[in-house]
Amino acid sequence: MAHLIRHNLTNKLTNAAHTVSHKSQAKVSGVFARLGFQAATDEEGLGFAECDDLDYDYRQGMQMDVLQGEEEGGHMEGEVELEGDSHYQRDGTGPRPSSLKTEGSLDEDKPKITSWEAGWNVTNAIQGMFVLGLPYAILHGGYLGLFLIIFAAVVCCYTGKILIACLYEDNEDGIKVRVRDSYVDIANACCAPRFPALGGHVVNVAQIIELVMTCILYVVVSGNLMYNSFPGFPVSQKAWSVVATVALLPCAFLKNLKAVSKFSFLCTVAHFVINILVIAYCLSRAREWAWEKVKFYIDVKKFPISIGIIVFSYTSQIFLPSLEGNMQKPSEFHCMMDWTHISACVLKGLFALVAYLTWADATKEVITDNLPSTIRAVVNIFLVAKALLSYPLPFFAAVEVLEKSFFQDGGRAFFPDCYGPGGQLKSWGLGLRIALVVFTLLMAVFVPHFALLMGLTGSLTGAGLCFLLPSLFHLKLQWRNLLWHHVFFDVAIFVIGGICAISGFIHSIEGLIEAYRYNIHD
């Protein structure tokens, strides 16, 4: 009898404890759901994991399913399944473009790149032409500018990794499965279900601004370098920009990232040659280095522009989802990010410090303008070659974003598909690509201010795409898996990035207004 009473009492206490636990979990889940950080219950999470598993299995056999469907007459059924799979992956934003179901346009048919080729692309992005503006950042920031070069490398490497982490979810076996394809998909997932397309539109606009501004800067710096290399020629900087743009017109015919990677490799080689030449000249004047000029004070008015310059010199996040998705071994992505950012940090810091010590307060916006005319001509020719080889990567990415947004978005596209049935680019699509090249030329002609444009772009979109959005998306999509220090890092990056973005944007706009008011030229 006593045993029965004890057994009943134990059951009642256990049931009461479970009831209290479930109520408390429901309250906690409700609070986080209102904040947007915990959008699924355990049952929904299990269903989501099962969907991940089905998604993985289906993607592995997608081509075989299509072939079987054609043989058995069940092709329509295979298409319905593909649409459902795409609908899930895009987090309720609708099926993928119909063009993805046609032969020759599946992801599996695209040529994959090695981790080294991916590294060349990232190196090209973060050790590009914009290193020329870093000594100018040291001019207005001193040792704090050097610290920011290191700090920006660490933060951008971290945010690049967490951005790629947002492409994946755990299936029921705890295996990471890639359920999103792009920066836009991540943004849409964060804004779903209330505004499923808002995040994608915001990211698309920021990406297009960032990429097109990068292309414009390459044209600006090409014209600037050629003009300063041959000052005796009766050719203006604007005319040199036109000549550079003519050489860039073949970029309109680019078809895939594999071809772009070859340009990136050549670009990296040119970059090292340039660094060696400039640093060698600076070392030859080591006895004249002005160490006393490097101080801890900052120019309050111009240093925020320098922050934008430093941030913009590390921007690669917009390329990363595409690069990681095109890698033969995505597991090597983290290692690739580490060595590219470490090498970039070392080379940028060394280049900026040595160049500033050589010219001190006479440091110009484009550091090669400080070189003697004989050396300047040689270095500038390499730099122009590097600028022209760097242009295809942001141009190709910008074209890809525009095509997917306006021409290949299934039934939601604003315009008809710019590709024919066999995957050939239509003539009017080629015309639009050429028009984009011409647009970058027009902007370079009317706004020929390299450092100010670089600071403005870095503050406006660079900080948002590299600092603000990756940390926010990571908190939203990976909240269940984050430890306290991950949350701290993400929040700190978001706050610091927001402050730098606002201050840099305001001061860059003021600098542009001042340049036009007093007719100041680079």
Side-chain angles (χ1 to χ4, degrees), residues 122-123 125-128 130-162 275 278-279 282 289-317 337-361 363-365 367 451 454-459 462-468 470-471 485 488-508 511:
V122 173
T123 301
I126 64 177
Q127 295 195 159
F130 311 115
V131 71
L132 300 177
L134 293 180
Y136 187 74
I138 304 298
L139 171 65
H140 299 299
Y143 286 111
L144 186 56
L146 283 175
F147 170 76
L148 281 177
I149 291 174
I150 301 171
F151 177 76
V154 174
V155 172
C156 288
C157 183
Y158 172 76
T159 55
K161 292 177 181 179
I162 64 175
N275 276 358
V278 175
I279 292 177
C282 294
W289 282 359
W291 285 98
E292 70 279 0
K293 295 289 185 178
V294 188
K295 299 180 180 180
F296 288 96
Y297 78 94
I298 61 173
D299 186 330
V300 178
K301 185 177 180 180
K302 293 188 176 181
F303 183 65
I305 302 175
S306 301
I307 295 175
I309 292 173
I310 292 170
V311 170
F312 190 69
S313 71
Y314 280 106
T315 54
S316 66
Q317 273 70 3
M337 287 291 289
D338 289 337
W339 68 259
T340 52
H341 282 75
I342 289 173
S343 60
C345 177
V346 172
L347 289 175
K348 285 181 178 182
L350 180 64
F351 182 88
L353 179 61
V354 168
Y356 175 73
L357 289 173
T358 303
W359 290 286
D361 293 338
T363 301
K364 297 183 179 179
E365 291 186 8
I367 193 61
M454 189 175 167
L456 176 63
T457 308
S459 301
L465 292 171
C466 293
F467 293 171
L468 305 181
S471 56
H485 60 275
F488 174 78
F489 289 153
D490 290 348
V491 173
I493 290 171
F494 185 85
V495 173
I496 295 173
I499 295 172
C500 293
I502 293 172
S503 62
F505 176 75
I506 293 173
H507 287 87
S508 296

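All residue numbers in this chain count up from 1 along the given sequence.
- Note that OG1 of Thr123 is 4.5 Å distant from CH2 of Trp339, once rounded to the nearest 0.5 Å.
- A search for side-chain contact (heavy atoms from CB on, under 4.5 Å) contacts involving Cys345 returns Ile150, Ala153, Tyr314, not counting sequence neighbours.
- With sequence neighbours excluded, the residues forming a side-chain hydrogen bond (donor to acceptor under 3.5 Å, both in side chains) with Thr358 are Trp289, listed by chain and number.
- Between atom CD1 of residue Ile310 and atom CG of residue Leu148 there is a gap of 5.0 Å, rounded to the nearest 0.5 Å.
- By the side-chain hydrogen bond (donor to acceptor under 3.5 Å, both in side chains) test, Asp490 is found to be paired with Tyr158, His474, residues two or more places apart in sequence or in another chain being considered.
- The heavy-atom pair separating Ala355 from Ile367 by the smallest distance is CB-CG1, 3.8 Å.
- Of all the heavy atoms in Cys466 and Gln317, the pair that sits closest is SG-OE1, 3.1 Å.
- Listed here is the closest heavy atom pair of Ala352 and Ile149: CB-CD1, 4.0 Å.
- Residues that satisfy the side-chain contact (heavy atoms from CB on, under 4.5 Å) test with Ala290, not counting sequence neighbours, are Glu292, Lys293, Ala360.
- Using a 4.5 Å heavy-atom cutoff, the side chains of Leu139 and Tyr136 are in contact.
- With rounding to the nearest 0.5 Å, the separation of CG in Leu134 from CG in Leu347 is 11.0 Å.
- For Tyr143, the ring pair (Phe, Tyr, Trp, His ring centres under 6.0 Å) partners two or more places apart in sequence, or in a different chain, are Phe296.
- Residues meeting the side-chain hydrogen bond (donor to acceptor under 3.5 Å, both in side chains) test with Ser471, sequence neighbours left out: none.
- Looking at residues two or more places apart in sequence or on another chain, you find a side-chain contact (heavy atoms from CB on, under 4.5 Å) between Ile502 and Ile506.
- Taking each heavy atom of Ile138 and Leu146 in turn, the nearest pair found is CD1-N, 3.6 Å.
- Interatomic distance, NE2 of His341 versus OG of Ser316, reported as 4.5 Å (0.5 Å rounding).
- Trp359 is listed as a side-chain neighbour of Cys282, based on a closest heavy-atom distance under 4.5 Å.
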Original post:
Would Phe488 and Ile493 satisfy side-chain contact (heavy atoms from CB on, under 4.5 Å), going step by step from the backbone distance to the final call?
Top reply: CA-CA 9 Å; Phe488 174 78; Ile493 290 171; over 6 Å; no
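- For the residue pair Pro470 and Ile162, the shortest heavy atom distance occurs at O-CD1, 3.7 Å.
- The closest side-chain heavy-atom distance from Val155 to Phe467 is below 4.5 Å.
- The shortest side-chain heavy-atom distance between Val131 and Ser313 does not fall under the 4.5 Å cut-off.
- Taking NZ from Lys161 and CG from Asp338, the interatomic distance works out to 3.5 Å, rounded to the nearest 0.5 Å.
- For Thr315, the side-chain hydrogen bond (donor to acceptor under 3.5 Å, both in side chains) partners are Glu210, not counting sequence neighbours.
- Between Val122 and Thr340, the shortest heavy-atom distance links the atoms CG1-OG1, 3.8 Å.
- Considering only residues two or more places apart in sequence or on other chains, Ile499 meets the side-chain contact (heavy atoms from CB on, under 4.5 Å) condition with Val495.
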